[in-house]
Amino acid sequence: MITVITFNPSIDRLYKLDTFEVGKVQRAGFVNPTAGGKGLNVSKVIKKLGETPTCLGFLGGYNGEYIKNQIEKIGVNNEFINIDGETRICLNIIDSNGVSTEILEKGPIVSQKYIKYFEDRLDEILRKTEVLVASGSLAQGLPIDYYKTIGDKCRENGVKYILDTSGLALEHAINTDIYLIKPNTDELGSITNRKIDTLDDVVEAGKVLLGKNIENICVSMGKDGMVLLSKDSIYEVQIPEIDVLNPVGSGDSSVAGFAYGLSKKYDLIECLRLANACGISNALHNETGDIELSDIYKFTTQIKIKQYSLQTYITMNKKTNNKDKMINTY
Ligand code: ADP
């Protein structure tokens, strides 16, 4: 079973305006509320791939009720804890030039009582879980190292832990056993204080984190595909060019693909193919966390993966052609 944690879900409201002017009354032509939060996108995509994930986190108030209804429509198992306070709303205002202005609420403060309810439920669920995905920001009230606490619980239960978060929440989590983290280039750059553009940059930055307890560092690079660093290998994923519609949620979709593959015991190469095919398919759809199975079949055959030995890559001269460092292609 796959379990997905979303601590701080939201209702995402998208307003499309001709022009956005500060200090004026504006009338929105198009409003599209959706149940948001990275973990909910992950859950939607896992469901589309054919597996029913179990979702948990915190929901409260009328907004929480709205999200609960949406979750029921998607058809995933709802194990969210009801809390006092109101689940947040996040606004995205887009003008006719595509310029986006976002207003993000912090979300409700979760009290100790509800954290305890959450942990009791999680302990039960982990006994039946093979892969746990934790995505997005921590809710207010949770300690900053709470993703480490989740990782410790996964280790005790032999559960593979995928963590997709950023900033301080990620920095405080990396001392527990994590099967996979999935930063994009900006996120990897910000936790390692570097600029990340090339494969060399990813390897240099990733090396620092591999020294911790992270088994796989999966760096998503938008249209440039993905690079995965493991203890002994580098996998460079090359993807086909597409006409993008909306890439928001592609990272969540690729996490979903990876988690699904792991739960089905696919090997690493097949997991990488599926993860990227899900990311690509999402970028071809307007809705966030939306994929098409026919895209998945098509793109998994078009994706090329190069494998390098990590040790050789690091020790060989930077000027050496990458071809000479390669040990396999898939
Ligand atoms: P995030 O949403 O976390 O920033 P990315 O934008 O890197 O994640 O996207 C995750 C994956 O989705 C990429 O590794 C790639 O496979 C696919 N993807 C994202 N953007 C594009 C794009 N413009 N064209 C093709 N594939 C894309």
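Both counts, for ligands and for their atoms, begin at 1 and track the order of listing. Here, residue 1 is the first one in the sequence, and each next residue gets the next number.
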For this session: Could you list which atoms of ligand 1 come closer than 4.0 Å to a heavy atom of Met226?
Result: 14 (O)

Exercise. Could you walk me through whether Glu124 and Arg121 pass the salt bridge (Lys or Arg N to Asp or Glu O under 4.0 Å) check?
Worked result: CA-CA 5 Å; Glu124 254 172 56; Arg121 196 164 295 176; over 6 Å; no

Problem set entry | Leu229 side, atom CG; Leu210 side, atom CG - distance, nearest 0.5 Å | 5.5 Å

Problem set entry | Which residue and heavy atom of the protein sit nearest atom 13 (C) of ligand 1, plus the separation | Gly222 O, 3.5 Å

Exercise. In the protein, what heavy atom is nearest to atom 9 (O) of ligand 1, and what distance, to one decimal place, separates them?
Worked result: Ser250 CB, 3.5 Å

For this session: Check for a donor-acceptor pair, side chain of Thr87 on one end and backbone N or O of Gly60 on the other, with a separation under 3.5 Å.
Result: yes

For this session: Just let me know how Ile280 lines up against ligand 1, side chain, backbone, both or neither, with a heavy-atom cut-off below 4.0 Å.
Result: both

Seminar exercise, completed: Ranked by distance from atom 8 (O) of ligand 1, the top protein heavy atom is Ser220 OG, 3.2 Å

For this session: Tell me which part of Asn276 gets within contact of ligand 1: side chain, backbone, both or neither, using heavy atoms under 4.0 Å.
Result: both

Exercise. Side-chain donor-acceptor pair under 3.5 Å between Asn82 and Tyr117, yes or no?
Worked result: no

Seminar exercise, completed: So for Thr185 against ligand 1, with non-hydrogen atoms under 4.0 Å, the contacting part is neither

Exercise. Looking at Phe7 versus Tyr147, is the centre-to-centre ring distance below 6.0 Å?
Worked result: yes

Exercise. For atom 23 (N) of ligand 1, what is the nearest protein heavy atom, given as residue, atom name and distance?
Worked result: Val244 CG2, 3.2 Å

Seminar exercise, completed: Numbered in order shown, the ligand 1 atoms found under 4.0 Å of a heavy atom of Asn184 are 1 (P), 3 (O), 4 (O)

Seminar exercise, completed: Atoms of ligand 1 under 4.0 Å from any heavy atom of Ile239, numbered from 1 in the order shown, are 15 (C), 16 (O), 25 (C), 26 (N)

Seminar exercise, completed: Ranked by distance from atom 12 (O) of ligand 1, the top protein heavy atom is Gly279 CA, 3.2 Å

Problem set entry | Modelled atom types, side-chain donor and acceptor of Thr288 and Asn41, under 3.5 Å | no

Exercise. Side-chain donor-acceptor pair under 3.5 Å between Glu130 and Ser263, yes or no?
Worked result: no

For this session: Considering the heavy atoms of Gly225, write down every atom of ligand 1 situated less than 4.0 Å from one of them.
Result: 13 (C), 14 (O)

Exercise. Considering Gly251, Pro247, Cys218, which one's heavy-atom position lies nearest to atom 10 (C) of ligand 1?
Worked result: Gly251

For this session: For atom 3 (O) of ligand 1, grab the closest protein heavy atom and report residue, atom and distance to one decimal in Å.
Result: Lys182 NZ, 3.1 Å

For this session: Give a yes/no verdict on whether any heavy atom in Glu241 is under 4.0 Å from an atom of ligand 1.
Result: no

Problem set entry | Sub-4.5 Å side-chain heavy-atom contact between Glu204 and Asp201 | no

Exercise. Where does Glu187 meet ligand 1, judged by heavy-atom distances below 4.0 Å: at the side chain, the backbone, both, or neither?
Worked result: neither

Exercise. Do Asp200 and Tyr313 get their side chains close enough for a donor-acceptor pair, meaning under 3.5 Å?
Worked result: yes

Problem set entry | Enumerated ligand 1 atoms positioned under 4.0 Å from heavy atoms of Ile242 | 24 (N), 25 (C)

Exercise. Is Asp290 salt-bridged to Lys44, cutoff N-O under 4.0 Å?
Worked result: no

Exercise. Of all residues at least two apart in sequence or in a different chain, which pass the side chain to side chain donor-acceptor pair (under 3.5 Å) check with Ser250?
Worked result: Asn282

